[in-house]
Structure formats: C-alpha cells, structure tokens
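To start, the structure under review is shown below, and the notes come after it.
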Amino acid sequence: MIKFLRKQTHCSFVFFLVICLFPLLCMLTQADVSFRDVTMEMGIDFKHFNDFSPAHRLVETMGSGGALFDFDRDGDLDIYLVQGNSLTDPNPNLTNRLYRNDGQTFTDVTADTGCGDSGYGMGVVAADYNGDGYQDLYVTNLGPNVLYRNNGDDTFTDVTTDAGVKCDLLSTSAAFADIDQDGDLDLYVCNYVGYSLDSDIPCYYQDMRIYCGPNDYQGIGDTLYRNNDDGTFTDITRVSGTYIPNTRGLGVVFTDLNDDGLLDIYVANDMNPNALFVNQGNGKFIEEGTRRGCAYNADGIANGSMGIDAQDFDNDGDIDLWMTNFSLEANCLMVNDGDGYFDDFTFDLDLAKPSFHLLGFGTLFTDYDNNGWKDLIVGNGHIWDNVYLIDPSMSYSQPLQIFANFKGQFQDKTDQIGLDQNQYVVRGLIRGDIDNDGDVDLVLCQSNRRVVVLRNEVGNRQSWIVFRLIGKGKNTDAIGSRVQLTTNGITQTSEVICGASYLVGNDMRLHFGLDDADIIEKVTIRWADGTLQTLKDISVRQILTVTQKQL
C-alpha cells in the first residue's frame, strides 16, 4: 500500500512538472528559432530559372540577385527579384518580378509597374539616380543591362539607351555613389569575363562535364559611369584611374576607408587581386590594394572572391572589409588600422576553418540579435552541382552561416540557432527590416531554386533604432553619409551603402542594435557632402527619418 502511494505520488509529481514546465519548455524551444521561413505565407512564389543544361554553361551557375527598396514611398520595403531565361530560345514571359509590400503579405505588381526585364539576369541595385525622390533600378544581365526610371506613379520606364548605361557585357554586381561630391550619383558596374554562348568552353573533371573556373576565360575589366546631372552618364573608367584590364569583378562596395570624406571603391575579383581604388578627389582614383594590404590574403594569394561588405565590426570607428571566397579557401576579414591600411585577421578571429569547405557568395555584416555588435552572415552554395562526385566532403547545397559577434570576437552560431537544418544554393543575400519591427530580416536568392525569406524572430527583444536619411540635392538617398551613435559607452559607426553582398541591393536605412539601452546619448551624422549634424538624447525603438538641412 505504501509502495503504491509512493508510486502514485511520484506520478502526480511528474504530471505536475510536465503541466507546469511545458510552456516554459516551448518558450525555450522557440527562443532557439532565430529566423523563420515566411516565404509562402508572405505570398512570394518566385523561382529562379537558369536554363540548366548538361553542357554546364558558365553563366548558368552565377545568378541570381534581388533588391529590397521602397519603390512607392509608403514606408516599407518592396522586393525586386532577378530572373534568368532560356539561353537559346528566350521566353518574353519569363521576367524579373517586383513584389509590393502590403504590410503582412506581398503582391506581384510586375505587369502594372512595367519593370519586368526578360533578359538573362544577374543582379540589381536600387537608388535615386536622378534625384526626384523615387528609387530607380539598375539591372545587370548577360548582354545589355537595363536602367528603369521610377516615374513616381507606381510605374517604371526603361531609359537605358538615353542614359547611356547599357554595358553590353556579362555584368554582375553594381553600386551607386557620389564619387566626385557634385551632388548626384555615379555608377560602378562589375564585369566578369568575355562570354557568349558561342564562346562557351567545355570543361571536365576527368570525363565528367563541370562548370569552368574563371581562369578558363579572359577577364574584361569593370565600368565606371559619371552622372552628367541631366539623365545621362559618361563612361569615365579609363580617365578616372579605375581601369584594370583582365579583372573578373563580382562584388563592389563604395566606402570611405581612410576617413577623408571621399568614397573609395573596393572590388572583389575572382582569381585576380582584389582592387582598392582610393579616391583622390574630383573623380580621380589610384589603385592601392596591394600597398594597403587588402589585395591578397595573409598568404599572399589572390582568392576567388565573390561577396563583399564593409562595416565597423569592432566598434573602433573605422570601416573593415569582409569577403567570401571559393571552397578550399578561407573567407577573409580585413581589419582597418584606422588609416586605411589592412591586416587579414581571419584566422585570429576563428573565421577561417568554418568557411574552408564551403563556397560563399552573398554575405553581410548585420547585428541580427541587436546586441550592438555587427555579426556576419554568409550565404553558401557550390557552383558544381556534381561536386560530391569530385570530393565527397563537399555538397552543392550548403547551410547559411551566422557568426555572432561578441565584442569583436566571432563564434559560429549556425548549429545553435538551427540554420544547419536547411541547405541552400545561395547567390544573392539581401538584408532589410521587411516588417519594420526593429530587427534585420534576410532574403536568400538561390540559383535555379525558390527565393527564401527569413524573418528575424529574436532581434527586437533588444533595443534598436533605424535611421532613414534624406540628403539634400539630388543624393536623396544620402549614400555615403556616415552615422556614429553612442550608448552605454559604446560608439557604433555605419555608412549608407548602395550595393555590397553579391548581385543585390540592400535596405539603405541604417539599423543599429542597442542591447538594453533606453536612450541614445549622442548621434553624429556626417552627410555625404561633409557637413555635420548632431542629435542628442534620442529615444530607442523607432524608425527615425532625418532630413539634411538646406544651407
């Protein structure tokens, strides 16, 4: 009898624990889900088509990208996604697509807006090139690129020919910025290799057809266009000092690396030294990548670089560089010494080993958990769909990686937050706060697969602020402006950047995680033209629009 009562009491106690602790266990389980796939519930049904063939044509494995931007100026981010096409029999109905953000879901408005390019697409970037207050689109293709002017009435017009920015090559990433401080936005376009279907080279591993590497094709150099302030552009690549023949450009970012108030250009090249064009003023540049320590990795090797970003990850006030590389090459974190010179700290910060067997494309600095330190996110996916037959330790689809930043030191959190459960073939990786809830969401543009939207489920538990800067004159996006803010004794620095990652355009609003802060003591804005503005005692958890004062 006593034994029975003890057993009954034990069972009752266990039952009590299960009932009381079950909600807590659920909360703990949910807390581990940092990003949730919301693609279908948001109404986004885009699937990339690359015209994959047994011939393994080079261009098939390169795309695609997309952009997060507010095309209708209603305060939330819309999505533009870049499509491929048939390489031998193009289908005019297979186009890029624009999805309008309706708050909880997205609606395909491509047909109504007139921006559905049907070329064989690579990437896209959004910016207000003509200064009318509406963000336009520049699409890169195999063949003629396309500039869509936003008409401000929910429609776009193809103005490529009139603007003079066709660039009839194999273009990849692009970016806008004001390189000469004349108030309007200039355009840099990465070009990869001289390629056409007629010149496609068959490549093999033993007797197995594979996609060729970059060294099988001749690089062609990039293109820099100066904005003429009348709706047209002029190719100034050679006269500006940015012409390097035979390079294979894949990623580009405009950023002020030596803190002189002028925007420099850093380019990720595939199996060529990465290029750093240091701005001399008046639209002139000198290439100083080798001199400043960011052309090669620490071993003096030119990597197969793809994705790129530039941010102040260690909160020391200067801008550092990060780039993704081919498999069996570690990705590279180049740390700025404060004067625009760099050292490769990849191994020192435990970022080398986790990237060695993966192949990184789109990549971003972003403070996903809002603790005040910018984390690293890497989109991976091999170019060889049959790589497992070459090396069983590798795979075509690969995990999205997150490296959490703890006061300048990184820890691979991919497994801990569950991102290792899914495999992707990422090319473009886009960041932006899609639901305006204070944390950064992600869009994964895959090769020959469906796009994936990952909503951040944890970031807004911590404090945050988002700055939407409106510049004076024609640089309405305030590209090149720099914001520094101080909370709890920590000063964070970020720039308004158009481009970065690979083949994409990111949310240009500046997002700052603030940990447990309830007030921002000081904000300093250095606008793109060099003028300064200071704000004090700013409330947290808001999207704050700041308009540059007219002098």
Side-chain angles (χ1 to χ4, degrees), residues 67 69-73 75 80 115 124-139 145-165 167 174-189 223-236 240 242 252-256 261-265 279 281-285 467-483 495-500 505-510 525-533 545-551:
F69 74 122
D70 184 6
F71 89 91
D72 51 5
R73 297 206 312 186
Y80 188 85
C115 58
V124 63
V125 69
D128 179 14
Y129 83 92
N130 59 354
D132 64 355
Y134 290 88
Q135 291 183 319
D136 313 291
L137 291 167
Y138 186 74
V139 179
N145 298 338
V146 179
L147 176 63
Y148 284 112
R149 185 188 65 214
N150 189 333
N151 299 318
D153 59 0
D154 292 350
T155 67
F156 290 81
T157 298
D158 181 346
V159 294
T160 314
T161 301
D162 291 342
V165 290
C167 197
F176 284 97
D178 182 4
I179 62 169
D180 45 14
Q181 292 191 317
D182 64 352
D184 51 31
L185 297 179
D186 311 294
L187 172 64
Y188 192 98
V189 181
T223 306
L224 177 62
Y225 293 101
R226 184 189 65 223
N227 193 327
N228 298 323
D229 196 24
D230 60 1
T232 68
F233 291 79
T234 298
D235 184 343
I236 61 167
S240 66
T242 59
V252 59
V253 61
F254 284 103
T255 178
D256 182 4
L262 299 170
L263 290 177
D264 311 300
I265 308 171
N279 198 330
N282 298 318
K284 302 293 184 180
F285 295 84
F467 290 96
R468 177 175 175 257
L469 300 186
I470 301 177
K472 69 177 184 180
K474 291 199 170 184
N475 185 5
T476 62
D477 294 313
I479 294 170
S481 299
R482 179 177 291 196
V483 172
E495 293 177 324
V496 181
I497 288 176
C498 170
N506 297 294
D507 183 1
M508 285 193 286
R509 299 175 300 180
L510 296 183
I525 303 172
R526 188 182 74 187
W527 293 95
D529 62 2
T531 59
L532 299 177
Q533 184 174 349
T545 299
V546 183
T547 302
Q548 185 177 10
K549 296 178 181 178
Q550 302 290 331
L551 298 180

Pairs satisfying side-chain hydrogen bond (donor to acceptor under 3.5 Å, both in side chains), at least one member in residues 145-154, at least two apart: Y138-N145, N145-S171, R149-N151, N151-T155, N151-T157, D153-T155
Test salt bridge (Lys or Arg N to Asp or Glu O under 4.0 Å), reference D529, set K549, R482, K472, output is K472
Please determine whether the number of non-hydrogen atoms from other residues, nucleotides or ligands lying under 6.0 Å from atom CG of N282 exceeds 12. no
For [X], side-chain contact (heavy atoms from CB on, under 4.5 Å) partners two or more places apart:
| X | answer |
| --- | --- |
| R509 | L77, D433, N436, V466, R468, D507, I543 |
| T476 | D128 |
| L262 | Q181, D260, N279 |

Can you list the steps and then say if C115 with F71 is a side-chain contact (heavy atoms from CB on, under 4.5 Å)? CA-CA 11 Å; C115 58; F71 89 91; over 6 Å; no
For a 4.5 angstrom cut-off between non-hydrogen side-chain atoms, does [X] reach [Y]?
| X | Y | answer |
| --- | --- | --- |
| D158 | L147 | no |
| Y225 | D186 | no |
| L263 | I179 | no |

Ring pair (Phe, Tyr, Trp, His ring centres under 6.0 Å) partners for F176, two or more places apart: none
Check ring pair (Phe, Tyr, Trp, His ring centres under 6.0 Å) between F233 and all other residues, then give those that pass, not counting sequence neighbours. Y129
Applying side chain to side chain donor-acceptor pair (under 3.5 Å), name anything that partners [X], two or more places apart in sequence or on another chain.
| X | answer |
| --- | --- |
| D162 | none |
| T242 | S240 |
| D235 | T237 |
| Q135 | D477 |

Does I525 form a side-chain contact (heavy atoms from CB on, under 4.5 Å) with V546? I'd like the steps, not just the answer. CA-CA 10 Å; I525 303 172; V546 183; 3.8 Å; yes
Work out which heavy atom in [X] is nearest to a heavy atom in [Y]; give both atom names and the distance.
| X | Y | value |
| --- | --- | --- |
| A127 | L185 | CB-CD1, 4.0 Å |
| A126 | C498 | O-SG, 3.7 Å |
| V252 | A175 | CG1-CB, 4.1 Å |
| V253 | A500 | CG2-CB, 4.2 Å |
| L469 | A478 | CB-CB, 3.7 Å |
| C167 | V189 | SG-CG1, 4.2 Å |

From CG (D178) to CD1 (I479), nearest 0.5 Å: 9.0 Å
Just how far is it from atom CG of N475 to atom CD1 of I470, taken to the nearest 0.5 Å? 11.5 Å
Quick check against the 3.5 Å criterion: does N227 have a side-chain atom that pairs as donor or acceptor with the backbone of D184? no
Might you work through the side-chain contact (heavy atoms from CB on, under 4.5 Å) test for D180 and I236, ending with a clear yes or no? CA-CA 12 Å; D180 45 14; I236 61 167; over 6 Å; no
Applying salt bridge (Lys or Arg N to Asp or Glu O under 4.0 Å) to D256 and not counting sequence neighbours gives R526
For D229, enumerate each residue passing the salt bridge (Lys or Arg N to Asp or Glu O under 4.0 Å) test, keeping only those at least two apart in sequence or located in another chain. K474
Looking only at side-chain N and O atoms, does E495 offer a donor or acceptor that is under 3.5 Å from a partner on S481? no
May I have the step-by-step check of side-chain contact (heavy atoms from CB on, under 4.5 Å) for F156 and D136, ending in yes or no? CA-CA 8 Å; F156 290 81; D136 313 291; 5.6 Å; no
For F254 and Y188, take the angle between the two ring planes, folded into 0 to 90°, and tell me which bin it lands in: parallel under 30, tilted 30 to 60, perpendicular over 60. perpendicular
